[in-house]
Structures are given as C-alpha cells and as structure tokens.
Number of protein chains: 2
Amino acid sequence: MSVTLKDVAALAGVSRSAVSRTFTEGASVSAKTRSKVEKAAAELGYSPNALASSLTTGRTKLIGLISNNFHNPIFLEVFDQFTRALQERGLRPLIVNLTDETEPANSVRMLRQYSVDAVIVASSTLPPSFAKAFHDAGVPVVHTFGRSATSPEVHVVGIDNVECGRMAARELLARGYRHVGYLGGPKDATSAMDRYHGFMEEVEKHPNLKVSHSFATGYSFEAGRAEMLRLLAGTPAEGYFCGDDILSIGALSALSDHGLQPGKDIGIIGLNDMEMSRWESVDLTTIHQPIKQIITASVDLVEEMLKDPERYPEARIFPCRVIERGTLRPRP
Amino acid sequence: MSVTLKDVAALAGVSRSAVSRTFTEGASVSAKTRSKVEKAAAELGYSPNALASSLTTGRTKLIGLISNNFHNPIFLEVFDQFTRALQERGLRPLIVNLTDETEPANSVRMLRQYSVDAVIVASSTLPPSFAKAFHDAGVPVVHTFGRSATSPEVHVVGIDNVECGRMAARELLARGYRHVGYLGGPKDATSAMDRYHGFMEEVEKHPNLKVSHSFATGYSFEAGRAEMLRLLAGTPAEGYFCGDDILSIGALSALSDHGLQPGKDIGIIGLNDMEMSRWESVDLTTIHQPIKQIITASVDLVEEMLKDPERYPEARIFPCRVIERGTLRPRP
DNA sequence: GACCTTGTTGCAACCGATTGCAAAATGGGT
DNA sequence: ACCCATTTTGCAATCGGTTGCAACAAGGTC
C-alpha cells in the first residue's frame, strides 16, 4: 500500500538506518548516500510516517486543543490564531469540543491515548481543576484564558479578570453613571466571577451608588438579550458592564426592542473587542483583550514545555485597555 | 514513563496478547483473565496507545479537517457540528487552517504523514482539484460545500449552488424588483460562480429587467460592506442577492450608512441562514442551507468510506429554501 | 607505509501495540 | 475416566520507524 523506509532503502541500495538518517535533522550521512536516498524517495513518493517515529522518539507534535466555547464568535478568531500559530511551528492541533454531554475525564484519557505532546485548554469558563487533571496525568498543559491565582500548578495565559472588572467600573463612574450594573456570564465561569468581584470591589469604594448585578445563562447573544430584557422589565441601571462582547450585543438588541439608544439612554461596556464590535452598526465601547498576544504566548509556552518538561509553571497576564466607541455617554 | 501493555501483563500475570485482547472488541478472552487484566489496568491507570496500535491495524481514527474560511461566522457553527459529529463516532479531527501562505501540497503531505484515515475538505471556495489531490494520494476524501458537477472523483456533500442562484432570482422577481443585482463572493470561489450562473440564467428568462453583478473580494463583512458602498456610490439596483449571509450583513451596514432601509429602500436576500441572521437587529431574509444535515451526511460518508475504500464517489445534495424575514419587500 | 582521528555505515534491539498459529486448557458427552 | 470439540492462551513475527554500538572507510600526519 504505502511506501515505507524499507522500500526506499531497497531502491537506493542502502540500509534502512541510512534512509532514516537522511530524514532526521542533524544525523550523520554522507552527501553521496543522502542524494541516493533522496532520489529514491522522490521516485517512490515517500514521506516518513510521523506516528511510527513517534513510537521511538516519544514526540508526536500533536497538541490537544480543548474548548467549550463553540458558540461565541470570538472563538472563531481564537481558533484561527491557534491553528495558525501551531502549524507555523510544525505542531498539529487535535481538537476537542467539550460539550455538556461529554465527560471531561474522557477527554483526558482520549488525548493520552493519542500521546499528545501537550494540551491547551482554551476556555474562560472551565475551572482550574480541569487543566490540572492533565498535569496530574503527566501531560504538559497551558490554560489559556484561565484563572491565574488559584492554580499554581499549570501554566496560565490570559488577562486579569478582576482588574478588568475594576476598570469597567471606573469607566462607568468616570462618565457619571450613578446607578450601575454588572451583567455577567454564567455564575460557574471563573471569568464571570472574577470580573464580578473586581467590579464590586471598585464600586463599593464609592458610598452612594446604586449597584445591581446578574448573571446570564451563558456567554451568548441569546443569554445577553434575555437577561437584558428581564432587567428592562424592572428598573434598569443607567450603565452596565456586560462581561463579554457577545453578551453586550445581545443586550444591545434588547435595548433596541425597547426603543432605547445605547450610549444615550443606557450605557453598555463590553469585554473582548472582537471583530464584530468594530462594525459600524454595533460600535461597542469595550475592554480590549489582546487575543493575538495571548495565543502567541500560549504556544510559546507549549514549545518551552516541550524543551523542558520540568519547567516551573508560570502565569502570563496581559494588560487590557478600554476602547472608546459609541455605547457609553461621553466623559464629562 | 507511561504504562504499557507489558506492565499490565506483568502485574496481571498473563501474556501481552491477553491484555491486548481484553481491550479489543470481539476478541477471545475468558471472563477470568479479563477481570484480572481489568483490575491490573485500573490499578496502573493504563490506557492503550492508539498510535502504536494504528501501526498494525492501519487505522488511526484521525480525520483531517481542512478549511480556509476562518473569518466567516458560519464556520463557527460548522466547526462545532463537525467536531461533535466526529467525536460522537470515535473519530478525531486534525485541523488544517489553509491560509494564503500555506502551500496546499504541504497539507496533503502532512496529513499523509499522520496517516489520517480520511480527509474532509470543508470549503465552498476551494476548487475540486484540491480535494482530488487527496484522492490521488490514496486518501479517502469528502468535499463538503464543494462543487458537485465537475468532480466525479470525490464525494461531495452540499447544496446546488446554481439552483440557489435561480431561487434567489425568482424570489426577487416575485416581489416585483425590476432592477436586480448579484453581489457575490470572490470570483475564484466555485460557489460564487455557480450562484452567479444560476442567478443570471433565471433573470435572463425575463426580457426587460435591469441586471448587474459584482464580486466582493472575500466572504466577509468588510468585503460585503465595501462592495455595497461602491455600488451605492453609483446607481444601485432595487434588490440584491448577496451570495452569503456575512456579505449581506456587510451590505446592510453600508445601507445603514446611507440612511437606507433594507426591505423598504433596497432589498437584500442572503444565503446560509446562519445564527446571526436570526438576530432581531439583522432580521435577514435568506436562503437556508441545511448545515447540520450536510455535516451529518459528510461524516456518514466518511464512515462508509472507512468500511469500503472502493466505494463509488457520490454527491449528496440537499435542498434549500427561502426564509422570509425583513430585508425584502413583501410579495404583492 | 603505519598510525590515528574523524566521519559513515549497517546490524540488531526496541518503541507499544496486534494477530496467525499451534499448544494448552476447558467442558460436555458417554 | 476417556475422548473430542471448542475456547482460551502464549509465542513470535510484524507494523514503520529510531538509535547505540561496533565495524569500517577515508583522510591526514609523521
């Protein structure tokens, strides 16, 4: 069926080792045999079986890429960046879509069966314990968009969600909003809770503010819209920090149902600065999360772990900044 | 480092074959040894190395999933469905992000090196020859969202793009638009051309219509917006068939810049019916493409090819239908 | 020409599994 | 207790590579 080392060796009239060595970086082969082998290989259309070699080398160059955010448009950008960054460095992403039905433990077992060299957990909602399960199973792991503080056992790359909560609160207050609200992602998401705590910490510094908070059922358009509709049925706040851009866009849609103008009647600030937030029709004021740097750093870390598996776990936290667009009233 | 067959065999006091057999469906093992082995395996935390076994069985359960549409939100839905469908059947997606920089031939070689059992090319823009390259290399391939007519050599799953073009034209004409336009994806995309031909074929049946057409530089918001802005600078048509929902949404944004109301001043009909098109603020009239069925059928075909590699190539074409929302004027 | 150094080569064992085959164990029938 | 048919089991070869080691060749020096 497919051409193997042996076939090439036979045609070139050399040993199998010679063929193997011409295809491995920095091995000792003379120019003469190398060219014989290359000629034979080209003739037969040979290319080495990466999986067979992984047996002896212990490296597959497969990287598990796990996520559970397949409904937030930001993740298209995330996948694009991750897959590019990995393949630029000769690594191959093996995707795991973690749905509600799939047992998390299974994905650990599965990825071990495929001998992935490392795993990237790309999720702001999974708990640190999930990433730790890979660590415990002896698989190098990077938790991208993870919570840094409480998991010193794995590498974490992302932002300081607590600080982002504070930043959003400061921004709302600086624009004179006196009745402010947090409309966060699901309660069981670490990012939603961290942003909440930062937000509350900041607003509590100021005595006579009205503050409310609520959590949507997910990081999705529908969840954001539903939650904002519920809020509008009561007495809404003047300005909201929505814990994510897609939530914000859902909330904006609810405002529009009620004939309310964002930035004028009610203020909204999001988090992520995804592509869509820049669209003229959306024009969302938001906190920019440096996705590209985060992903590059994650893949950097993966590479460094491959070199040194004993590497001490590290958190790489990137600063965020407010991007001013049209959904908050101007500063006074 | 990791536990192997041998370790389990030693602990259980049986041969390596016995261990292998307890982990392979339908092999002959007595209940007694099976339980001994399972106990030992559990104690050591053993799970078989899928790649090692692939060496002898010739099956990796890895499926290459190739795409180049990482900027169209519809592809988040596509990835979600594909990854779920594959992993539900015990198959693992190995992603290839085909960018402008990556050499297509490299991806063929790469996927062969990883001995993927099959490849899914998920793209409406890649030419049939791309999918055929895998076929020629002896790798089973399904071209999802591909063009069916001219490539009888590979399996194709998707829709009849020519018919969709006709359908869109009929819909515009039925609503009394007399000056109609096609705003398509990039000229080198098979889907853009097929939709164009169907559209033109239908409108040419009617004598005194004004017809125009143009092609955006890609299937993206920005491209759709830019092209519609260009059209609005001249004399735009009354109703447009935009060859894709994200193009349509870009076009809608351009209309809004000019203070034009979709469905009232200018009509727009898209294609795909992606999640976003249902958002109240978008409310796009569009042609529904049954993504879920298409993906299920694609994975079905993959499974069938694994059973019978000599399977005769087949096209599975799914019907589309118009979803009426708010961006076309009502039928008279 | 003898000797040493350096660079190339092939042999054979091994990576972690599967599997055909023959030997051994089991169980049923008498 | 014996015989025979049927499972169950282990041996050993194999999948497609890599790699330590020892043998060998080439080239330089005296």
Side-chain angles (χ1 to χ4, degrees), chain A residues 1-38 40-41 44-62 109-117 138-139, chain B residues 1-38 40-41 44-62 109-117 138-139:
Chain A
M1 160 97 168
S2 67
V3 264
T4 75
L5 255 198
K6 198 156 47 172
D7 304 326
V8 179
L11 180 61
V14 296
S15 74
R16 284 152 61 231
S17 336
V19 180
S20 171
R21 284 193 257 256
T22 51
F23 284 97
T24 46
E25 200 73 18
S28 156
V29 239
S30 67
K32 211 184 309 171
T33 50
R34 148 157 282 136
S35 75
K36 274 197 294 188
V37 169
E38 278 170 349
L44 297 174
Y46 168 77
S47 69
N49 180 328
L51 302 180
S53 68
S54 84
L55 255 192
T56 41
T57 60
R59 287 240 173 304
T60 56
K61 304 209 168 208
L62 291 172
R109 201 161 41 74
M110 193 281 273
L111 289 171
R112 285 216 310 153
Q113 289 187 338
Y114 280 84
S115 323
V116 293
D117 287 348
V139 181
Chain B
M1 163 90 166
S2 68
V3 242
T4 74
L5 209 47
K6 196 156 50 173
D7 304 326
V8 180
L11 180 61
V14 297
S15 74
R16 283 151 61 230
S17 336
V19 180
S20 171
R21 286 194 254 257
T22 53
F23 283 97
T24 45
E25 201 74 17
S28 154
V29 238
S30 67
K32 211 184 308 170
T33 48
R34 147 157 281 138
S35 76
K36 273 197 293 187
V37 168
E38 278 171 348
L44 296 174
Y46 168 77
S47 67
N49 181 329
L51 302 181
S53 67
S54 83
L55 254 191
T56 41
T57 60
R59 287 241 172 304
T60 56
K61 303 206 167 209
L62 291 172
R109 200 161 42 76
M110 194 283 272
L111 289 171
R112 286 216 310 155
Q113 289 187 338
Y114 279 83
S115 325
V116 294
D117 288 347
V139 182

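Order of the sequence lines fixes the chain letters, A, B, ..., with proteins taken first and strands second; residue numbering starts at 1 for each chain. Computed from a prediction, not measured in an experiment: that's the story for all the values here.
Judged by distance alone, the side chain of B/S20 and the main-chain N or O of B/R16 form no donor-acceptor pair under 3.5 Å. Side-chain atoms of A/T22 do not come within 3.5 Å of backbone N or O of A/V37 as any donor-acceptor pair.
The distance from atom NZ of B/K36 to atom C1' of D/dT8 is 12 Å, rounded to the nearest whole Å. The nearest whole Å value for the distance from the CZ atom in B/R34 to the P atom in D/dT7 is 16 Å. We find that CZ of A/R112 is positioned 13 Å from P of C/dG16, with the value rounded to whole Å. In this structure, B/R59 atom CZ and C/dT18 atom P are separated by 15 Å, rounded to whole Å. A straight line from OH of B/Y114 to P of D/dG16 spans 18 Å, rounded to a whole angstrom. A straight line from CG of A/D7 to P of D/dC15 spans 10 Å, rounded to a whole angstrom.
In terms of position on DNA chain D, the residue among B/A27 and B/L55 whose nearest nucleotide sits closer to the 5' end is B/A27.
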Show each protein N/O and nucleotides 17-21 of chain D N/O combination with a separation under 3.5 Å, one pair to a line.
residue : atom : partner : partner atom : Å
D/dG17  : OP1  : A/Y46   : OH           : 3.4
D/dG17  : OP1  : A/N49   : N            : 3.2
D/dG17  : OP2  : A/L5    : N            : 2.7
D/dG17  : O5'  : A/Y46   : OH           : 3.3
D/dG17  : O5'  : A/N49   : N            : 3.4
D/dG17  : N7   : A/R16   : NH2          : 3.2
D/dG17  : O6   : A/R16   : NH2          : 3.0
D/dT18  : OP2  : A/S20   : OG           : 2.3
D/dT18  : O4'  : A/T56   : OG1          : 2.9
D/dT19  : O4   : A/S17   : OG           : 3.4

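Minimum interatomic distance between B/A27 and B/R21 (heavy atoms only, all atoms of both residues): CB-O, 3.6 Å.
Distance check, rounded to the nearest 0.5 Å: CZ of B/R112 to OH of A/Y46 gives 11.0 Å.
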For a quick test of your reading: what N or O donor-acceptor pairs under 3.5 Å do the side chains of residues 3-15 of chain B make, sequence neighbours left out?
residue : atom : partner : partner atom : Å
B/T4    : OG1  : B/K6    : N            : 3.2
B/D7    : OD2  : B/T4    : N            : 2.9
B/S15   : OG   : B/S17   : N            : 3.4
B/S15   : OG   : B/A18   : N            : 3.2

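Counting only heavy atoms from C-beta outward, the side chains of A/L51 and B/T60 approach each other to under 4.5 Å.
OP1 or OP2 of D/dT8 lies within a sub-4.0 Å distance of a side-chain N or O belonging to B/S28.
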